[in-house]
Number of protein chains: 2
Amino acid sequence: MAGTEIKLTEQRRVILEELRKVRTHPSADAVYDLVRKRLPRISLGTVYRNLEAMSERGMIRKLGGCQCQMRFDADVTNHYHVRCLKCGRVDDVAVETCEVLERALRERSDYAILGHHVEFIGFCPSCRCAGEDERSDQPEGAGER
Amino acid sequence: MAGTEIKLTEQRRVILEELRKVRTHPSADAVYDLVRKRLPRISLGTVYRNLEAMSERGMIRKLGGCQCQMRFDADVTNHYHVRCLKCGRVDDVAVETCEVLERALRERSDYAILGHHVEFIGFCPSCRCAGEDERSDQPEGAGER
DNA sequence: ACAACTAATAGGAATGATTACTATTCGCGG
DNA sequence: CCGCGAATAGTAATCATTCCTATTAGTTGT
């Protein structure tokens, strides 16, 4: 199922195109909004179904994270992410992926390791300014929906 | 709010004790089941509220991940996790945390970096056996709830 | 052009995790 | 014992996501 062929319907094509246009790692809902500008009658279910189908086939990437809302990325090359604790923004990160980690684990674990994700957490440029007194009261985030 | 004092009510004490007993990184719901054996009248809302309150104060750790269900860990020292793609099981991992990563990023990013998580993905010992033909049809997971 | 078939879709209902709300209870100082 | 603020139980509401079903689009053979 993971490598099965997939027909590129209009809906799927537009979803993929829109996802490739942005660097914001949008949620399914945000993708829906983008796509709806071009296909006003598309249904949210279709967006979910196709994001899922495409991520199963490695065409896009599905990002987990500390929130309850998935985010998607058209860039399927290995790379890491930073997530802002305050506003939830997700950015790509400019550090090499660390294959050593994976090799080390393979030797010490009974799991069949397929890959790994790294997510840094912190405050994005906008949010870090919005609270530059000390570092006491700001971190009330971590839980938006 | 992150460092505020917290009163150790009976409910909170039991939640913490039960969480410390297990190595399974239980979900809120699973914690609820554990705690209910000792406090049958506790409400699920209380469990959620207190898990949240305690993780805000660094007393426990809240794990995100590729699923839509949070998991909790009483071990707040820095360590990484493996998650089974098939059954969702989460284990601790025996590799050193990689502070180099964080230092590298601090130099190249405008974010205020607070920390990072690493999550390996793969198949746990039980699940890897349950499909050892090749590697074609099994990975239909990645989407349990 | 047309019937037969299959895969995909729209739209809405259902589900599951989490949060919000509210009346009640608990713990404590006076 | 009384008053008061914090915490709780129980339940309703919310939000993301998935499921269901009738309809549509695309394909193949005639």
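No hydrogens, no waters, no symmetry mates; every other heavy atom, side chains included, goes into these values.
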Heavy-atom pair of closest approach, residues A:Cys98 and B:Cys98: SG-SG, 4.3 Å
Separation of D:dT18 C1' from A:Glu56 CD (nearest whole Å): 14 Å
Exercise: do B:Asp92 and B:His81 side chains pair donor with acceptor under 3.5 Å: yes
Protein-nucleotide distance (A:Lys62, atom NZ; D:dT18, atom P), rounded to Å: 6 Å
Nucleotide C:dA8, atom P - distance to CG of A:Leu51 in whole Å: 15 Å
Salt bridge (Lys or Arg N to Asp or Glu O under 4.0 Å) against A:Lys21, all qualifying residues, sequence neighbours excluded: A:Glu18
Length of the line joining A:Ile15:CD1 and C:dA8:P, which is rounded to integer Å: 13 Å
Nearest atoms (heavy-atom pairs only) where A:Ala74 meets A:Arg20: CB-CG, 3.5 Å
Contact under 4.0 Å: B:Tyr48 side-chain N or O vs C:dT19 OP1/OP2: no
Option from B:Leu51, B:Asn50, B:Asp75 for which side-chain contact (heavy atoms from CB on, under 4.5 Å) with B:Ile60 holds: B:Leu51
A:Glu96, CD atom: more than 12 neighbouring heavy atoms under 6.0 Å: no
Integer-rounded Å distance: C:dG16 P and B:Met70 CE: 18 Å
Between C:dT9 (P) and A:Glu52 (CD): distance, integer Å: 14 Å
Contact state string [nucleotides 5-13 of chain D, B base, S sugar-phosphate only, - no protein heavy atom under 4.0 Å]: --SBBB---
Whole-Å distance separating the OH atom of A:Tyr32 from the P atom of C:dT9: 14 Å
